[in-house]
Colleague: 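Okay, here's the structure, questions in a sec.
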Protein chains: 2
Amino acid sequence: MIYSSELIKGTLKTIVLKLLSDNTRMYGYEITQKVKELTFNKIQITEGALYPTLHALESDGLVTTETEYIGKRVRKYYRLSESGKGKTVEKVNELADFMETMVFLLDLKPRVAAL
Amino acid sequence: MIYSSELIKGTLKTIVLKLLSDNTRMYGYEITQKVKELTFNKIQITEGALYPTLHALESDGLVTTETEYIGKRVRKYYRLSESGKGKTVEKVNELADFMETMVFLLDLKPRVAAL
DNA sequence: AAAGATACATAAGAATATTATGTATTGATA
DNA sequence: TATCAATACATAATATTCTTATGTATCTTT
């Protein structure tokens, strides 16, 4: 089962930032695979969503990039900037808070073991 | 603190359906106030978001409506249809599942007491 | 040799929110 | 009693952010 895409909306940027905060640096394709792996295929980030998001993070100064060649193939690494680190904490905290609120609002506690 | 709007995206329809499943029938303004109250002002549903959503639920056959006059002021009640009840269970379950996945993906467990 | 995986990117379109605006009634207050 | 806030609906222009489709190219496995 893959989540209906609308749920991903609004959380993609936070997911990307959090992964970058755990991994020093990552490249786009790696991010898609890591998310797929960590979510047991439940979340599949499409390229059309990811690359514009990464470019936005860069133009907002939250990440810096390093382009490298693996053979003849280009690979673009993304790394959190200092402001990106701060932003990550903010976004993750906000999402955690939001999720607590949703658990209460939708009374999810009794039906979800892991929450 | 009010959540940045992007988080609401994708959850609004689920919130509305769940409230309707708990309350027999509700009208639009009532829904905005109930959400505000239950979330201690953290989630404020704007009218520009709510009314189109309610109209979409109606045109999808998930809710039925009853218009009543309170004095001279019109009030439009929304009530879940049978298919709406089924859809509500689906959407709430999916959201709960998604949130479990996010807790794992973003490692939120250690930082959020209520989760 | 071909297919699938790796790796980037962009563009057209859809969905869904924000912000602004509009209409109108009712209740509270100065 | 005039005015403001709250109640109650609705829509339109705009913005954001995703999907889907398309494009290019390399590398690996069969």
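As the structure is a prediction and not an experimental result, all values here were calculated from the model.
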Colleague: Between B:Tyr77 and A:Leu50, which residue's closest nucleotide on DNA chain D lies nearer the 5′ terminus?
Modeller: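 First, find each residue's nearest nucleotide; the 5'-ward one identifies B:Tyr77.
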Colleague: Contact list please: residues 26-35 of chain A against DNA chain C, heavy atoms, distance less than 4.0 Å, in numerical order.
Modeller: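 Only A:Tyr27, A:Gly28, A:Tyr29 qualify.
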Colleague: Quick check for you: among C:dA15, C:dT10, D:dT19, whose closest atom lies nearest to any side-chain atom of A:Ala49?
Modeller: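 Within the option list, the nearest is D:dT19.
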Colleague: Nearest whole Å is fine: how far is D:dT11 P from B:Leu54 CG?
Modeller: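 So the CG-P distance, B:Leu54 to D:dT11, works out to 12 Å.
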Colleague: Taking atom P of C:dA9 as reference, at what distance in whole Å does atom CD1 of A:Ile45 sit?
Modeller: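 Rounded to whole Å, this separation is 15 Å.
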Colleague: Rounded off to whole Å, could you give me the CD-to-P distance for the B:Gln44 and C:dT18 pair?
Modeller: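 Going from B:Gln44 (CD) to C:dT18 (P), I get 11 Å.
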Colleague: What is the separation between atom CD on A:Glu66 and atom P on C:dC8, rounded to the nearest whole Å?
Modeller: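 Going from A:Glu66 (CD) to C:dC8 (P), I get 13 Å.
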Colleague: Between A:Glu100 and A:Lys109, does any side-chain N to carboxylate O distance fall below 4.0 Å?
Modeller: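 Looking at A:Glu100 and A:Lys109, the cut-off is not met.
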Colleague: If a protein heavy atom is under 4.0 Å from the base, mark B; if only from the sugar-phosphate, S; if neither, -; do that for nucleotides 21-30 of chain D going 5' to 3'.
Modeller: -----BS---
Colleague: I'd like to know whether A:Glu66 forms a salt bridge (Lys or Arg N to Asp or Glu O under 4.0 Å) with A:Lys76, so could you lay out the CA-CA distance, the side-chain angles of the two residues, the decisive distance to 0.1 Å, and finally the verdict.
Modeller: CA-CA 6 Å; A:Glu66 298 145 32; A:Lys76 197 166 162 189; over 6 Å; no
Colleague: Considering only NZ, NE, NH1 and NH2 on the basic side and carboxylate oxygens on the acidic side, decide whether B:Lys87 and B:Asp60 come within less than 4.0 Å.
Modeller: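 So B:Lys87 does not pair with B:Asp60 through a salt bridge.
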Colleague: Please report the end-to-end axis angle for the helix from C:dA1-D:dT30 to C:dA30-D:dT1, five pairs per end, rounded to 10 degrees.
Modeller: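 End axes: 20° apart.
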